[in-house]
Amino acid sequence: MVVEVERKRKRGALEDISNMQGRPTLRMNTRMKTEAGDHSARVKVEARIKVADVETQSTQPSQEMSCHPVPAKKMKLEHDSKLRRSQRLPSPPVEELPHHERQRLFDIKMSASNSEFELNDYMDQVTMIDSKVDDALAREIDAYHRKHEEKYRLVTNYIQEGSRELTARMRMILMDWLVEVGEEYKISPKALHLAISLVDRCLAAMTIPRGELQLMGCACMMTACKYEEVQCPTIEDFVYISDHTYTGERMLEMESKVLEALEFRISSTHVYHFLERFVLAGCTTDVQNHFAHYITELALLDYVIVQSYAPSVIAAAAVYLSRVVTNEQNVWTPTLHYYTKYNAVQVLDCVKLLHKAHAQEYDVLQTDANKTKAITDKYMSRKHFRVCKLAPLAPAA
């Protein structure tokens, strides 16, 4: 009898959870051996009374027992969350962090030791531009480019003083024309920077007559577009953009010469590899972003800047000058130092040369707009926020 009553009590609790409270009271069927008539009747009546009391308690709970198990669990979770918010939990020890997190913290501390900032300020102000998943891969790619930038850097002075075959002005005209070609055919900035890098490498490795400079530029641009672009301009497009000065056969022949001079090593480390990351670390507005690209392309026309400074220094100096021109309060930040690996003093000389080039082009724009370079015309458009019109500001010494 007791076993049957306990089984019914558990069933009543399940009926409450499954919202079955309106069901009629079920009578308990008991199988008992027949004993004396009066005794059997009295036992059945007592069993029915007990079952009825149990069902009444389960189907009509009191106010004290009205909380179901699920709401009570939710209330406990809310209480725990409020407690965690009110009490600041200590950060886990360094030993318990994953390997890439420990490596990142170690790199930040090592960078802080070589910077001009205090350690605590440096650790607090460094902002990560990559996710935790991509951070390790991004640092590995950055280390690869820093290792190879000296390998592909323009070191040989292929423009000798007094040379009549090739001058710095002729190189500047060729590079500016390549920028115009890139704007005409919507070539990506990465392909444009690769083409400029290939031109410098070819000029340092082979002797090009003056009449074939434009032909060599077309061949380098074709090679860069084939390497970086999904849909690149055709040979007919380059024949047309060069005003039919060269035929398609000559362009293919020059392309073969270029590849042989490069030893088929097309991939190289250039300014854009560093600029796209330094912009994320130091440019907070679109105007700063586009001005950094503008001043970088303007610097690539200057042979002295390209030969004197590494690509990473030019990219860092462009971001520095971009923050100066836009009146940024703190020109150099711990985040910029962490990603560029340079202090402000180390890039200041390059910044001064960039400022000089910007000031000269700005004066031409104010006096005679028809004589500006193709780069200035490119960044005159609305999509580039007309950053070429920003007045030059000298960096603090």
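Note: hydrogens, waters and symmetry copies are ignored here, and every other heavy atom, side chains too, is used.
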Looking at Arg250 and Glu253, does any basic side-chain N land under 4.0 Å from a carboxylate oxygen?
no

Determine the sole option in His293, Glu297, His384 for which the side-chain hydrogen bond (donor to acceptor under 3.5 Å, both in side chains) test with Lys378 is passed.
Glu297

Hydrophobic side-chain clustering at under 4.5 Å (ILVMFWY, transitive links): who's grouped with Leu137? Put none if nobody.
Ile141

Side chains of Thr234 and Asp237: do they bring a donor and an acceptor to under 3.5 Å?
yes

Judged by modelled atom types alone, do Ser197 and Tyr272 share a side-chain donor-acceptor pair under 3.5 Å?
no

Ion pair present between Glu212 and Lys257, side-chain N to carboxylate O less than 4.0 angstrom?
no

Keeping the roles fixed (side chain from Glu228, backbone from Ala224), state whether a donor-acceptor pair exists under 3.5 Å.
no

Could you tell me whether Arg277 and Asp130 have a side-chain N and a carboxylate O separated by less than 4.0 Å?
yes

Apply ring pair (Phe, Tyr, Trp, His ring centres under 6.0 Å) to Phe291 and His358, showing your working.
CA-CA 11 Å; Phe291 183 83; His358 178 215; 5.1 Å; yes

With no hydrogens and no angle check, just 3.5 Å: does a side-chain donor-acceptor pair link Glu361 and Thr372?
no

Find out whether the Lys NZ or Arg CZ of Lys341 is both under 6.0 angstrom from the six-membered ring centre of Tyr338 and within 45° of the ring's axis.
yes

Taking only residues two or more places apart in sequence or in another chain, which ones pass ring-ring contact (aromatic ring centres under 6.0 Å, His included) with Tyr246?
none

Side chains of Gln214 and Ser242: do they bring a donor and an acceptor to under 3.5 Å?
no

Donor-acceptor contact below 3.5 Å, side chain Asp243 vs main chain Thr245
no

